There are 2 protein chains.
Amino acid sequence: MTTLTPAALSGLTRCLHCGVRADSVCGVLSNEELASLAAIAEVQSVPRGQAFIEEQSPASAFFNISGGTAKLTRTLPDGRQQITGFVRSGDFLGLAATESFAFGAEAIEPLGICRFPRRRLEALLSRMPHLEHRLLQVACRDLARAQSAMLLLGRKTATERVASFLRDWAADHRPGVEIALPMTRGEIADYLGLTIETVSRILSRLRREGVIDTRGNHTLIVRQARSLAMLAGDEEDDALVCSHRQAASR
Amino acid sequence: MTTLTPAALSGLTRCLHCGVRADSVCGVLSNEELASLAAIAEVQSVPRGQAFIEEQSPASAFFNISGGTAKLTRTLPDGRQQITGFVRSGDFLGLAATESFAFGAEAIEPLGICRFPRRRLEALLSRMPHLEHRLLQVACRDLARAQSAMLLLGRKTATERVASFLRDWAADHRPGVEIALPMTRGEIADYLGLTIETVSRILSRLRREGVIDTRGNHTLIVRQARSLAMLAGDEEDDALVCSHRQAASR
DNA sequence: CGTAGAGTTGAGGGCGGTCAAGTCGTGTGG
DNA sequence: CCACACGACTTGACCGCCCTCAACTCTACG
């Protein structure tokens, strides 16, 4: 039986109920189920720069992010690194961590996390089909995103990659507002399969062309959302799209 | 009530019970559950080259492969294509196909598939937690694979990509045996984020160096599995690994 | 045997990586 | 409060890996 301090319990409920992001684990659990989860959960704080999942050790737990931002990484033995995703408040992670495929996770902002020991949560899942169903949805969404990332990494140019990243990160923000960009240029590069220099050059060019603006190194302002979307390469010009649809319907 | 011909029912059971691959949907269903699945399943044959999931239409069904090989694709409007994976007998697919993220699937060998209408299967899932649990495992495995692919596409050199692909495709085959390679050079290129010419050049070089051999364009023989694994870049030389471990433990 | 598509090989070019120098911004100690 | 230092970022020059273009060969199939 695990005892939870009031603060930790509050963190846990926030963690499980955070409804900020539409895809979080929320609104699907009964009070009884919540209590079962609370019994195995452990609330932690992670300072910036600290890894909370190590590459070498097989992940022994699932995590839910209650605040801050973290990066998920895959690393080659010679040090080359690929960031497979950024996770924020409300995100659930650990599903992809099996014995055979190690991956790491590190805070890029001070992080609040909720830790669920793997075996205990898996045991609970068999009694909570709602939660398992939710996790399947989460995994499917992550899978779809990973496939988009594969398209980006395999077939997009450097400019398209940076534009795609900025567009996605700025999604559900209105044009003109300041958007926090907690990661470094190096982390953006590791996410997009580029180098720091290339990312920096392209950001400078987009700034020069008036598509985006920046306040310091960690604040982004989108000036021309439409241009950004065009540069991302996922959609063609409307005229072209129309002609394509006509061609397809023939 | 759907009526199944004896041939179709035989295809379905083969489809659901195929135990060839350890990760297939098998051995977790009662006879009653099997009957429920059979009631909504539809067995189809797909000739080589034909798409059975179209990019444009949101996927309205799940599929289980009962024989042959297919490719899963993501395509940019200008025609650039990324193959996100190859699927074979026993594989389940459709999980990543949501309304917002279209992807396509096409047979590269004559294909036997088992089609499950999405809504009907989803309705069944709520009554069959075993199956939902199995699908979660499938999704997690796919997710881990997708992350490995991101590392490959983002950070590996052309030679490392080709070597990784050959090593993975030849996995669980003994060295020296002939391995079917049903996809074209162009499909390998689209999977690895390279061009046909680069793939061809690297295969020629590996052949010249005695690492692999080929019989025609669609048969592979691995001559030096260890060399192939080294070239893939995922593991270092043993000596180096040892020195690294010493450095890490300090 | 002939044709069409797939694959191979070579020559040259460009995009993004590498190397290097300089600038900015933030925190720290005098 | 300012001088300093360190790290993150920017910018430029150059280079190399892989792409592009092109010609040729091989394979499969009628």
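Just so it is clear, the structure is predicted and the values come from calculations on it, not from any experiment. Residue numbering restarts at 1 for every chain, and letters A, B, ... go by the order of the sequence lines. Only this structure's heavy atoms are used, side chains among them; waters, hydrogens and symmetry mates stay out.
For B:Arg205 and D:dC17, the CZ to P distance is 11 Å, given to the nearest whole Å. One can place CG of B:Asn217 at 11 Å from C1' of D:dT25, the figure rounded to the nearest angstrom. Atom C1' of nucleotide D:dC29 and atom CZ of B:Arg48 are separated by 14 Å, given to the nearest angstrom. Atom pair B:Arg215:CZ and D:dC26:P shows a separation of 17 Å (rounding to whole Å applied). Distance, B:Ile196 CD1 to D:dA23 C1': 16 Å, rounded to whole Å. In this structure, B:Ile202 places its CD1 atom 7 Å from P of D:dC18, rounding to the nearest Å.
The outermost nucleotides of DNA chain C lying under 4.0 Å from heavy atoms of chain A, listed 5' to 3', are C:dG16 to C:dC19.
The backbone N or O of A:Arg80 lies less than 3.5 Å from a partner atom in the side chain of A:Asp78, making a donor-acceptor pair. When atom types are taken as modelled, the side chain of A:Gln50 and the backbone of A:Pro47 share no donor-acceptor pair closer than 3.5 angstrom. Remark: side-chain polar atoms of A:Glu42 are not paired, donor with acceptor, to backbone N or O of A:Arg115 under 3.5 angstrom.
Comparing A:Gly216 and A:Val199 by the nucleotide of DNA chain C that holds the closest heavy atom to each, the one mapping nearer the 5' end is A:Val199. Residue whose closest nucleotide on DNA chain C sits further toward the 5' end, between B:Arg155 and B:Arg208: B:Arg208. With the nearest nucleotide of DNA chain D identified for both A:His218 and B:Thr159, A:His218 has the one nearer the 5' end.
For B:Arg185 against D:dT27, no side-chain N or O and base N or O form a donor-acceptor pair under 3.5 Å. Side-chain to base pairing of A:Glu197 with D:dC9: no donor and acceptor N or O lie closer than 3.5 Å to each other.
Closest of all the heavy-atom pairs between A:Leu93 and A:Leu72 is CD1-CD2, 4.0 Å. Counting all heavy atoms, side chain and backbone alike, A:Tyr191 lies closest to A:Leu153 at O-CD2, 3.9 Å.
Using a 4.0 Å heavy-atom distance criterion, A:Leu203 is classed as making no nucleic acid contact.
By the 4.0 Å N-to-carboxylate-O rule, A:Lys71 lies too far from A:Asp190 to be salt-bridged with it. For A:Arg226 and A:Glu235, the salt-bridge test passes: some basic side-chain N is under 4.0 Å from an acidic carboxylate O.
Here B:Thr198 does not reach the OP1 or OP2 of D:dC18: none of its side-chain N or O atoms lies under 4.0 Å away.
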